[in-house]
Peer 1: 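I have a structure I would like to understand better, so I am pasting it below and will then ask my questions one at a time.
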Amino acid sequence: MRIELRQIERSFLRGRTAVPGLRSTSLIIQPGEFVVILGPSGSGKSTLMNIMGLLDQPTAGALLLDDADCAKLDRNSLALIRNRRIGLVFQSYHLLARQTVVDNVELPLTYAGVRRAERRRRALEAIERVKLGHRSHHLPALLSGGEQQRAAIARAIVSNPDVLLADEPTGALDSATGREIVGVLLALNREGRTVIMVTHDETLAGYASRIVTMHDGVVMSDVVRDGGRDQRREAVR
Ligand code: ADP
Ligand code: MG
């Protein structure tokens, strides 16, 4: 799925003052890219991810998914895109504590109305893809942080989305485990999925094919790495 942001703005009301989360951000992400979004805390990374993930709406500007303007899509179409075409991963896993790994991974399929046997089959397949098969029937609390994040990634890919949005997926992990998680995301990217990952960690950013740096709600730089050669794209405002 091609993702285009045209002069997206998002401000938040704090009392009577509008706090800018994003200030006129334009960006085009092509299918199959592995984009890392870097930037200090408060620079607008999560605001940007939430808008691309259809969890939030911009105050101004347009979001186009495969050239369709999201502002013109009805609720059902948006829900379908959100459930089938976009997978979301967060720093804090968001697994249901009382459900086993496989039950957690099945959830998006339950919402999509997939039958039980088919749900189970696809959930176990997604769990195998992230190499967590031996943990399928455990509760999340028995898993390490890295394993919980693998479970969350399995849940994100169970509907076979073509875009994976990961907001600081390694933020709660030690650096070796963080690299493993990025390895999982890289493998999913090699299968053709677009991966967009927010991180603070510049060494992890080295795995990406493109690095977008944000500061104070705007894109400061946008560098595409082309076979070892860096090409700086002009950040569009
Ligand atoms: P980052 O993910 O880069 O740390 P965020 O996108 O979370 O940054 O935040 C960008 C700016 O928007 C910050 O100033 C933050 O305080 C503000 N912001 C984000 N979400 C909200 C919200 N729901 N309500 C008020 N302000 C918010
Ligand atoms: Mg954030």
Side-chain angles (χ1 to χ4, degrees), residues 3-29 33-65 70-71 78 82 86-95 145-146 148-153 155-156 161 163-175 177-179 181-182 184-185 189 194-223 233 235-237:
I3 302 171
E4 177 170 357
L5 294 99
R6 282 193 193 152
Q7 294 177 307
I8 292 272
E9 294 174 25
R10 174 66 165 106
S11 54
F12 300 97
L13 272 185
R14 201 171 284 157
R16 285 186 186 171
T17 33
V19 182
L22 276 181
R23 298 184 287 149
S24 194
T25 298
S26 297
L27 205 59
I28 295 175
I29 297 172
E33 284 197 273
F34 192 121
V35 183
V36 154
I37 299 179
L38 273 178
S41 183
S43 58
K45 305 181 300 293
S46 294
T47 304
L48 176 65
M49 294 292 267
N50 291 342
I51 287 172
M52 291 192 291
L54 304 177
L55 299 175
D56 186 23
Q57 288 186 336
T59 327
L63 171 68
L64 290 87
L65 298 178
C70 287
L78 287 174
R82 195 165 41 222
I86 300 174
L88 300 169
V89 178
F90 301 95
Q91 174 172 339
S92 52
Y93 328 127
H94 295 322
L95 299 167
Q148 290 187 56
Q149 193 59 293
R150 281 173 195 266
I153 294 172
R155 182 186 52 195
V163 178
L164 210 51
L165 300 176
D167 193 349
E168 305 208 35
T170 67
L173 303 172
D174 64 79
S175 53
T177 310
R179 275 197 303 279
I181 290 299
V182 173
V184 172
L185 297 176
N189 172 249
T194 308
V195 176
I196 307 173
M197 176 177 84
V198 170
T199 180
H200 279 301
D201 187 333
E202 304 220 2
T203 58
L204 293 182
Y207 294 100
S209 54
R210 177 175 176 191
I211 300 177
V212 170
T213 309
M214 302 205 46
H215 196 83
D216 285 344
V218 290
V219 173
M220 289 298 286
S221 75
D222 185 356
V223 177
R233 279 191 198 170
V236 250
R237 294 277 158 83

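Predicted model, so just to flag it, every value in this text is computed and none were measured. In listed order, ligands and their atoms are each counted from 1. Side chains are part of it too, since the values below use all heavy atoms of this structure and drop only hydrogens, waters and symmetry mates.
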Peer 1: For T25 and I51, what are the C-alpha separation, side-chain angles and deciding distance, and is it a side chain to side chain contact (heavy atoms under 4.5 Å, CB included)?
Peer 2: CA-CA 11 Å; T25 298; I51 287 172; over 6 Å; no
Peer 1: Near ligand 1, which residues have a heavy atom under 4.0 Å away from one of its atoms?
Peer 2: F12, R14, G21, P40, S41, G42, S43, G44, K45, S46, T47
Peer 1: Donor-acceptor check, side chain of Q149 to backbone of F90, threshold 3.5 angstrom: yes or no?
Peer 2: yes
Peer 1: Sub-3.5 Å donor-acceptor pair from the side chain of K45 to the main-chain atoms of P40, do we have one?
Peer 2: yes
Peer 1: Does the T213 side chain pair with the main chain of M220, one donor and one acceptor, at a distance under 3.5 Å?
Peer 2: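 Checked: no pair found.
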Peer 1: Does any N or O in the side chain of R155 come within less than 3.5 Å of the main-chain N or O of H94, such that one atom is a donor and the other an acceptor?
Peer 2: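 Checking the backbone N and O of H94 against the side chain of R155, a donor-acceptor pair under 3.5 Å is found.
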Peer 1: Below 2.8 Å of the Mg ion (ligand 2), tally up the protein N/O/S atoms for me.
Peer 2: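 For the Mg ion (ligand 2), protein nitrogen, oxygen or sulfur atoms under 2.8 Å: 1.
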Peer 1: Go through the steps to decide whether L48 and I8 satisfy the test side chain to side chain contact (heavy atoms under 4.5 Å, CB included), and finish with yes or no.
Peer 2: CA-CA 9 Å; L48 176 65; I8 292 272; 5.8 Å; no
Peer 1: Using a strict cut-off of less than 4.0 Å between a Lys/Arg side-chain nitrogen and an Asp/Glu carboxylate oxygen, indicate whether R210 and D222 qualify as a salt bridge.
Peer 2: yes
Peer 1: If you look at every heavy atom in R10 and T47, which pair is closest and at what distance?
Peer 2: CG-CG2, 3.6 Å
Peer 1: In the structure I gave you, are the side-chain heavy atoms of L55 and R82 within less than 4.5 Å of one another anywhere?
Peer 2: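 A side-chain contact under 4.5 Å exists here.
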